[in-house]
Every structure is written in C-alpha cells, then in structure tokens.
Amino acid sequence: MKIATWNVNSIRTRLEQVTNWLQENPVDVLCLQETKVVDELFPIAPFETLGYQAYISGQKSYNGVALISRQPLTEVSQGFAPILGENIAGNFDEQKRVITGVIGDIRVVNLYVPNGSAVASEKYEYKLKWLIVLREYLQNLLGKTPSNLCICGDFNVALEDIDIHNPKGRETKIMATDLERQALQTVLELGLIDVFRKFTSEGGHYSWWDYRTGGFKGNRGWRIDHIYLTPGLSDRATNSTIDTAPRKLTQPSDHAPVIVTLE
DNA sequence: ATGGCCAACCGTGTTGGA
C-alpha cells in the first residue's frame with residue numbers, strides 16, 4: 001500500500017503533471033492540496049480514466065483538498081464539522097482544508113494547514129487556532145474504528161531547523177516560529193510519528209522551494225509537507241521518500257510529492 | 001538584498017501563497 005501527498009497549486013493548471021505522475025507512480029491513495037477549484041469544475045474524469053475515484057472538497061480560487069483513490073473509500077467526510085460537530089467546528093469549515101476517508105484498516109486524513117501569512121497577523125492567529133481544532137478532530141478520530149491514522153498534508157510548519165535550508169532568523173519567519181512549532185507539536189503529542197524521519201535523519205531533504213528566489217536550483221527549500229502515522233501503522237512503514245522529479249518540470253508546483261509505503 | 005514568482009479572478013491590478 002502506497003499513500004502520497006502533494007500540494008499541486010491548482011489542479012487545473014497541474015492536471016497533466018498529476019495524471020502523468022500517477023501513471024508512473026501508481027499509489028493507492030493520492031492526497032492533493034490547493035486544488036483551487038469548486039467541486040463542479042474539478043477534473044474528475046481524467047482520474048477515472050486512470051482507474052481512480054476522486055473525493056473532493058474545493059472552493060473558488062483558494063485552498064481545496066482531494067483524495068484520489070484506486071479502491072473506493074468509505075466514511076468519507078469533508079471538514080471538521082462531521083466529526084466534531086458544528087459548535088466546535090465553528091467557521092473553520094468555510095475554508096476547504098480537510099477531507100478524510102477509510103481504506104481497509106486505515107483512515108487517511110488529508111489536510112491543508114493555513115499558511116499564516118505573516119507572524120502576528122490575523123491569519124497567523126487563525127493558523128494557531130486551526131491547529132488547536134485539528135488536535136480535537138484527530139483525537140476524536142483516534143477513538144473511532146479504524147484507529148490507524150495516516151495523516152497527510154501541507155502542514156506549513158517546519159518542525160526542526162534541519163527541515164530548513166537556512167534556519168537563520170527562522171524565529172521571525174512564517175512556518176518556523178516557536179508558536180507554530182509548539183502548536184503542531186501539541187497535535188503530534190496525540191502519538192503521531194513523522195514517518196519520513198523513520199528512514200532519513202539528516203537534513204537537506206525538502207518538499208517546498210520558493211518560486212521567487214529560484215530556490216530549487218540551489219536546493220534552498222523547506223520540509224513542510226508531512227505524513228504522520230499512528231504507532232502501529234508506523235511499524236508497518238517500509239519506506240518514505242520525497243519525489244523531486246515533478247519539481248524539475250516546466251511550470252511545476254512549488255511543492256513535491258511525499259510518499260509512504262506500508263506493509 | 002524584505003526583492004523575486006505563480007495562480008485565480010473579470011483584471012490591465014489585487015489577493016494569497018509560503
């Protein structure tokens with residue numbers, strides 16, 4: 001079983017690259033973020049042609065997540081509210097950032113964590129609050145069956161300095177402030193394991209490179225796309241990699257896919 | 001070096017990304 005996560009920065013712009021990648025890398029489930037399209041306009045047919053089902057939760061212009069699965073998923077739900085209830089979910093489902101579904105004995109959770117814009121901005125506060133709600137959401141899922149969670153997504157947080165090409169000044173930079181790290185760490189304290197780090201301990205491995213600074217050429221990147229597993233599932237993981245090949249293409253997403261292989 | 005690039009929108013600039 002292979003599960004992958006990829007922030008594609010618009011599924012319509014990246015459609016050919018994503019379907020090509022899927023043909024070359026026939027994973028069982030592909031989690032997409034930043035699809036940037038309403039559900040009515042999501043290109044489902046090209047995925048069905050490849051033998052995949054698409055489960056989507058999108059909005060106009062921004063955000064948007066999708067689960068592309070070879071086998072039909074069960075218990076698919078979009079947003080926090082179906083799991084947490086309307087009261088706790090509040091307005092957080094206005095932005096389409098959460099979708100989950102079950103395949104076999106694994107629940108896949110696909111997340112697009114808010115970026116946060118700038119430190120101390122309104123969006124930054126939103127990001128920190130969103131991560132508190134996420135903890136509640138995942139805690140709730142842990143109490144359901146199956147309790148094996150594979151949590152994939154663009155987390156917009158680099159937890160360690162080795163996840164950043166140049167950590168100097170990171171305390172004041174979005175994605176690496178102490179508050180963001182603490183907020184994500186609090187989520188992970190539910191008992192979640194960064195599966196990429198099960199296999200790779202050194203730095204220099206990234207999943208996002210800024211378009212603007214030509215960061216990919218010099219491998220000036222950040223590792224902000226993650227796959228977190230519950231312990232039993234982590235024991236079944238035999239590999240986890242970042243595929244930088246699509247980032248080398250013309251007109252690429254600024255993120256690369258991250259993949260986990262499970263027994 | 002606080003710039004740079006990219007995508008969506010009904011747009012000839014603005015917003016958001018990270």
Side-chain angles (χ1 to χ4, degrees), chain A residues 5-19 31-43 56-66 91-92 94-98 110-131 134 152-184 203 205-226 242 244 246-258:
Chain A
T5 178
W6 192 4
N7 178 323
V8 291
N9 187 15
S10 169
I11 187 58
R12 287 181 294 177
T13 297
R14 226 66 64 196
L15 181 59
E16 204 180 331
Q17 290 186 20
V18 176
T19 51
C31 302
L32 302 177
Q33 303 90 35
E34 280 209 270
T35 52
K36 293 188 173 179
V37 65
V38 292
D39 292 351
E40 300 78 51
L41 297 177
F42 189 103
I56 60 185
S57 180
Q59 67 183 89
K60 193 175 176 180
S61 299
Y62 307 117
N63 311 314
V65 286
N91 296 327
F92 282 102
E94 285 175 6
Q95 300 182 16
K96 306 306 180 191
R97 299 179 175 277
V98 178
N110 179 12
L111 304 173
Y112 176 45
V113 177
N115 166 276
S117 187
V119 176
S121 66
E122 250 179 58
K123 287 177 183 147
Y124 181 79
E125 299 302 327
Y126 181 87
K127 179 180 193 174
L128 296 176
K129 284 180 190 160
W130 195 94
L131 286 165
L134 175 64
C152 299
D154 175 358
F155 283 78
N156 276 318
V157 178
L159 267 186
E160 297 182 280
D161 286 354
I162 59 168
D163 297 323
I164 312 173
H165 69 95
N166 178 12
K168 196 180 172 201
R170 63 95 188 153
E171 296 87 348
T172 59
K173 289 178 186 169
I174 200 69
M175 301 194 293
T177 62
D178 287 340
L179 284 177
E180 287 164 277
R181 286 180 172 183
Q182 282 162 19
L184 180 54
H205 297 274
Y206 310 122
S207 65
W208 173 81
W209 300 261
D210 200 325
Y211 285 126
R212 291 169 291 188
T213 51
F216 185 68
K217 255 187 185 173
N219 195 28
R220 293 186 295 275
W222 296 58
R223 196 174 70 90
I224 55 175
D225 300 87
H226 306 298
I242 301 170
T244 55
R247 188 66 179 79
K248 298 170 183 167
L249 300 172
T250 308
Q251 204 183 9
S253 166
D254 42 355
H255 296 253
V258 184

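Per chain, numbering begins at 1; letters A, B, ... match sequence-line order. Everything numeric in this text was worked out from a predicted model, so none of it was measured.
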Write out a two-atom table: protein N or O, nucleotide N or O from nucleotides 15-17 of chain B, distance below 3.5 Å.
from, atom 1, to, atom 2, distance (Å)
B/dG16, OP2, A/Lys123, NZ, 3.2
B/dG16, O5', A/Lys123, NZ, 3.4
B/dG17, O3', A/Glu34, OE1, 3.2

Mutual orientation of the aromatic rings belonging to A/Trp208 and A/His255 [parallel < 30°, tilted 30-60°, perpendicular > 60°]: tilted
Geometric class of the A/His165/A/Trp222 ring pair [parallel <30°, tilted 30-60°, perpendicular >60°]: perpendicular
N or O in side chain of A/Ser10 less than 4.0 angstrom from B/dA8 OP1/OP2: yes
Contact under 4.0 Å: A/Lys60 side-chain N or O vs B/dC10 OP1/OP2: yes
Could you work out the separation of [N] and [M] based on their [atom1] atoms and round it to a whole Å?
N      : M      : atom1 : answer
B/dG16 : B/dC10 : P     : 14 Å
B/dA18 : B/dG3  : C1'   : 15 Å
B/dT12 : B/dA1  : P     : 36 Å
B/dT2  : B/dG11 : P     : 33 Å

Any A/Asp210 side-chain heavy atom under 4.5 Å of A/Asp254 side chain: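 When only atoms from C-beta onward are counted, A/Asp254 and A/Asp210 do not touch, as no gap falls below 4.5 Å.
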Proximity to the side chain of A/Ile224 - top-ranked nucleotide from B/dA7, B/dA18, B/dG4: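 Looking only at side-chain atoms, A/Ile224 lies closest to B/dA18.
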Heavy-atom donor-acceptor pair, A/Gln33 side chain to A/Cys152 backbone, under 3.5 Å: no
CG-CD distance between A/Leu159 and A/Glu180, expressed to the nearest 0.5 angstrom: 10.5 Å
